[in-house]
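Remarks on the structure that follows.
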Amino acid sequence: MLKNFVPLPWFMRKRIEPNIFRVYCPKCEYEETLEIASQDVVVHENPDCDHSNAPRTVAELPKACPKCGAKLKKEKVPVIIRY
């Protein structure tokens, strides 16, 4: 069935990486690390490890600060996956 299958070279493959953002408010002290939920990337949590520092998973990033209501700023956290 996969007799003539030729894999794509590395530069033509779709990059699969988690989308992690640092969201913060410039007016107050609010800061949080969030991960946008994706169908492509599934992270399995190990029950033996401490996941207290893991980013919270959301469908979309919030636009307003939950403390003061000001507009939030965001920065993408670079993640390098080697495979």
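Here Pro66 pairs with Tyr30 under the side-chain contact (heavy atoms from CB on, under 4.5 Å) rule; sequence neighbours left out. Partners of Lys71 according to the side chain to side chain donor-acceptor pair (under 3.5 Å) rule, which considers only residues two or more places apart in sequence or in another chain, do not exist here.
Heavy-atom minimum distance, Leu72 versus Ala64: CD1-O, 3.6 Å. Between Ile36 and Ala59, the shortest heavy-atom distance links the atoms CG2-O, 3.7 Å.
A continuous path of hydrophobic side-chain contacts links Leu8 to Phe11 [ILVMFWY only; heavy atoms under 4.5 Å].
A heavy-atom distance below 4.5 Å is found between the side chains of Leu61 and Lys74. Leu34 is listed as a side-chain neighbour of Pro62, based on a closest heavy-atom distance under 4.5 Å. Between Lys76 and Asn19 there is a side-chain heavy-atom pair separated by less than 4.5 Å.
For residues 22-32, every residue pair satisfying the salt bridge (charged side-chain N to carboxylate O under 4.0 Å, His left out) rule, not counting sequence neighbours, is listed here: Arg22-Glu31, Arg22-Glu75, Glu32-Arg56.
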**Study point:** Verdict with reasoning, Val77 to Phe21, per side chain to side chain contact (heavy atoms under 4.5 Å, CB included)
**Key:** CA-CA 5 Å; Val77 177; Phe21 289 89; 5.9 Å; no
